[in-house]
Each structure stands twice: as structure tokens, then as C-alpha cells.
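Below is one structure, written out as C-alpha cells, with a few remarks after it.
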Amino acid sequence: MKKDMTVAIIYDFDGTLADSNMQESSFIPSLGMDKDEFWDMTTDRARSKNMDRMLAYMTLMIDKAQEKGQKITVDYLKKHGESNDERLFPGLKTWFSHLDEIISNLCPGVMVQHFIISAGIKEMIEGSCIAKNFDYIFASSFMYDADGTAKYPAVAVNYTGKTQFLYRINKGVNDIFNDEDVNRYVDKDKRPIPFEHMIYIGDGSTDIPAMKLVSDKGGFAIGVYAHDKTETERMFRQKRVDYFCKADYSKDRDLFEMVTLRIRRLYYEWRIQRKIKDNIDGEK
């Protein structure tokens with residue numbers, strides 16, 4: 001069935017959909033390290049080599065696994081990604097079906113698509129039980145050799161890099177290698193998902209450029225927190241997000257209500273514009 005309007009909900013992963021960093025549940029412990037040791041080594045590597053922090057942690061994953069005689073493969077990372085299921089915030093396992101139900105009832109003709117933009121590891125996210133609900137996952141990933149072993153980073157998503165993926169969603173260009181189409185000029189009304197139809201959900205400073213871009217272009221940015229609201233409240237007061245609330249995706253909680261209200265507003269604005277167009281066309 002053809003839909004009249006598409007809304008994109010875009011999520012960070014760590015701290016937004018799941019508590020803490022995805023590497024901390026089982027991957028880092030499998031190296032015989034604790035999380036503080038791993039992230040301290042990441043910081044030292046980034047500083048001493050003057051390299052991007054995302055590249056630093058990804059290469060450290062490979063190096064430390066090799067020291068343990070462990071090959072990093074897609075299946076290996078997906079298996080560690082399964083451990084993230086226990087870190088998912090409340091309500092997430094039913095969030096998508098509940099949204100579909102209420103939107104189909106209240107906003108006929110609206111299609112909601114879900115995307116992830118994360119600095120975390122794509123292969124680990126794909127191991128999560130909620131991965132099937134996303135239309136596309138933009139995240140850091142590895143290049144594998146002929147034996148399927150990770151050799152080096154293929155994609156590293158840092159905080160400013162997240163903004164390019166918003167343009168990919170806006171223009172419908174999912175292939176990472178395709179710079180030509182994402183940079184090509186496209187009339188605003190011909191882009192698959194306008195920025196005004198985007199809802200970005202993130203938790204912290206690494207999401208600020210993306211959230212600010214969505215908000216400035218007429219979309220809606222929501223800051224969520226797990227335990228302490230200090231940082232997200234500060235982002236709200238600094239006008240970097242449009243709303244903030246607890247990271248609880250249950251149907252009877254604040255986040256669900258705000259997202260559905262935003263979609264309903266877009267729906268009614270679209271209906272008003274369609275009514276105006278029909279009226280003008282009828283006068284011709």
C-alpha cells in the first residue's frame with residue numbers, strides 16, 4: 001500500500017536505546033580487561049597517535065583480540081551484540097509494534113521508518129533482538145579479509161560524521177561508498193524524507209551536531225537520559241534539543257507520548273496543506 005507521508009525516527013544506540021557502551025557487556029571482559037582499562041587505552045592511543053577516537057577504539061578491539069588469539073568475525077561480533085539485549089531500556093521490545101498500531105489508527109497514510117546512527121559497531125547492533133525493526137543501521141564497521149576476519153575499520157562514525165547520515169536519509173542514499181549522490185543537489189520536494197519529518201532521539205554530547213541539525217531544519221530532537229537528567233536538561237536549556245525525557249520506551253511513558261504527538265502534528269499539517277492544494281486546484 002502506497003503511503004502519503006513518511007516520518008523517520010532516528011536513534012543513537014549506546015545511552016539512547018541501551019544503557020552504557022555495547023562493548024562493555026561481554027566483548028571487553030572477553031579480552032580479560034575491564035571497561036576503564038580499555039577506554040583509558042583508547043584515549044592514550046588517540047592522543048599519542050593524534051588519531052580519531054573512533055578509529056582508536058576500533059583498532060584496539062582488533063589488536064587486543066589478536067593478542068588473545070581470537071579472530072573478530074561478523075558472527076563473533078553479532079554474538080557479543082546479543083548481550084546488549086539485557087541492557088535495552090524499558091519498553092523497547094514493544095515500542096515499534098505499539099507505534100505502528102497507534103499511527104495506523106490515528107494517522108492513516110503515514111509510514112514510520114526507523115534508522116540508527118551510531119558510533120558503535122554495526123555488526124554488534126545487528127546481533128540485538130531489536131535490529132530487525134530498523135530500515136537501515138548506519139554505524140561503525142570493519143573491513144574483513146577473505147577468511148572473514150576483521151583487518152581494519154571500514155566505517156568510523158564520530159560525532160560530526162553523524163550529520164552526513166542525516167543527509168543520506170534525507171536523500172535516500174544508504175550506500176556508504178556513494179558520495180556522489182549524497183552530495184548531488186536535489187530539489188527539496190523531491191527528497192524522500194524531509195528534515196521536517198525527522199525525529200532524532202539521542203542522549204549526549206556526541207549527538208549534539210546531529211540533533212541540532214535536525215532541529216534547525218524544522219525536525220524534532222529529543223534528548224533522553226537513563227539515570228541523571230543533568231546533561232540532557234542542559235542541552236534543552238541551550239536549545240540544542242526540543243525536548244528531553246527519561247529513556248523509557250513504554251507505551252504509557254513520556255517519550256512515547258511525545259513522539260506520537262509529533263507525528264500527529266505532522267500528519268495534521270500535511271492534511272491542511274493537502275486541503276489547501278485541493279481547494280486551489282478546484283478553483284482552476
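When reading the values below, keep in mind they use all heavy atoms of this one structure, side chains included, and skip hydrogens, waters and symmetry mates.
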Any idea which heavy atoms bring [X] and [Y] closest together, and the distance?
X	Y	value
Ser118	Gly120	OG-N, 2.8 Å
Ala247	Thr16	CB-O, 4.2 Å
Ala221	Met211	CB-O, 3.6 Å
Lys78	Glu123	CG-O, 3.2 Å
Gly127	Glu82	O-CG, 3.3 Å
Lys68	Leu31	CE-O, 2.9 Å

Taking atom [atom1] of [X] as the centre, report whether more than 12 heavy atoms of other residues, nucleotides or ligands fall under 6.0 Å from it.
X	atom1	value
Arg184	CZ	yes
Phe96	CZ	yes
Lys229	NZ	no
Lys71	NZ	no
Asp189	CG	yes

Given Arg265, Arg262, Lys188, Lys217, the one that forms salt bridge (charged side-chain N to carboxylate O under 4.0 Å, His left out) with Glu196: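 When Arg265, Arg262, Lys188, Lys217 are each tested with Glu196, the salt bridge (charged side-chain N to carboxylate O under 4.0 Å, His left out) holds only for Lys188.
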Please say yes or no: joined through hydrophobic side-chain contacts below 4.5 Å, possibly via intermediate residues, are [X] and [Y] part of one cluster?
X	Y	answer
Leu99	Phe13	yes
Ile72	Val74	yes
Tyr159	Ile137	no
Tyr243	Trp95	yes
Val7	Ile117	no

Taking side chain as C-beta onward, heavy atoms only, is [X] less than 4.5 Å from [Y]?
X	Y	result
Phe115	Phe138	yes
Asp248	Leu255	no
Met198	Asn170	yes
Val224	Thr232	no
Ile222	Met258	yes
Gln66	Gln70	no
Tyr144	Lys151	no
Phe195	Asp216	no

Please walk me through it: do Phe244 and Phe236 pass ring pair (Phe, Tyr, Trp, His ring centres under 6.0 Å)? CA-CA 7 Å; Phe244 73 98; Phe236 175 73; 5.5 Å; yes
Assess whether side-chain contact (heavy atoms from CB on, under 4.5 Å) is satisfied between Ile103 and Asn105, documenting all intermediate values. CA-CA 5 Å; Ile103 297 306; Asn105 288 332; over 6 Å; no
Indicate whether any N or O donor in one side chain lies under 3.5 Å from an N or O acceptor in the other, for [X] and [Y].
X	Y	answer
Thr42	Arg53	no
Tyr200	Asp12	no
Thr149	Asp147	no
Tyr185	Asn183	no

CA sep, side-chain torsions, deciding dist, call: Lys35, Gln23, side-chain contact (heavy atoms from CB on, under 4.5 Å): CA-CA 8 Å; Lys35 63 179 183 179; Gln23 298 85 358; over 6 Å; no
Rounded at 0.5 Å granularity, tell me how far [atom1] in [X] sits from [atom2] in [Y].
X	Y	atom1	atom2	result
Leu77	Ile121	CG	CD1	7.0 Å
Asp4	Cys107	CG	SG	12.0 Å
Leu55	Ser140	CG	OG	8.5 Å
Ile9	Ile199	CD1	CD1	5.0 Å
Asp14	Asn21	CG	CG	4.5 Å
Gln113	His197	CD	NE2	12.5 Å

Tell me whether [X] contacts the main-chain N or O of [Y] through its side chain, where contact means a donor paired with an acceptor under 3.5 Å.
X	Y	answer
Asp254	Cys245	no
Ser250	Arg253	no
Lys212	Lys239	yes
Asp175	Asn178	no
Asn84	Ser128	no
Asn133	Ile130	yes
Ser26	Ser83	no
Lys246	Ala226	yes
Arg168	Ile176	yes
Asp187	Lys190	no

Which residue is it: Ile193, Leu266, Ile263? I am looking for the one with a side chain to side chain contact (heavy atoms under 4.5 Å, CB included) to Met5.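 Single side chain to side chain contact (heavy atoms under 4.5 Å, CB included) partner of Met5 among Ile193, Leu266, Ile263: Leu266.
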Below 30° counts as parallel, above 60° as perpendicular, anything between as tilted: where do the rings of Tyr11 and His114 land?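 The rings of Tyr11 and His114 lie parallel, inter-plane angle below 30°.
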Please verify the inter-ring angle class for Tyr249 with Phe89; under 30° counts as parallel, over 60° as perpendicular, anything in between as tilted.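 Judged by the thresholds at 30° and 60°, the geometry between Tyr249 and Phe89 is parallel.
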Show me the pairs that pass ring-ring contact (aromatic ring centres under 6.0 Å, His included) and involve residues 16-70, at least two apart or across chains.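 ring-ring contact (aromatic ring centres under 6.0 Å, His included) check on residues 16-70 returns Phe27-His80, Trp39-Tyr57.
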Show, in sequence, the C-alpha distance, side-chain angles and deciding distance for Phe142 and Ile62, and conclude whether the side-chain contact (heavy atoms from CB on, under 4.5 Å) test is met. CA-CA 10 Å; Phe142 291 101; Ile62 294 174; 3.7 Å; yes
Under a single-linkage rule joining Ile, Leu, Val, Met, Phe, Trp and Tyr whose side-chain heavy atoms are separated by less than 4.5 Å, which residues share a cluster with Tyr152?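 Met143, which link up through side-chain heavy atoms under 4.5 Å apart, make up the rest of the cluster.
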Does Val186 sit in a hydrophobic cluster with other residues, and if so which ones, taking ILVMFWY side chains as linked at heavy-atom separations under 4.5 Å, directly or through other members?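 Cluster partners of Val186: none, it stands alone.
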Lys/Arg-Asp/Glu bridge criterion (N-O < 4.0 Å) met for [X], [Y]:
X	Y	answer
Arg234	Glu231	no
Lys162	Asp207	yes
Arg45	Asp63	yes

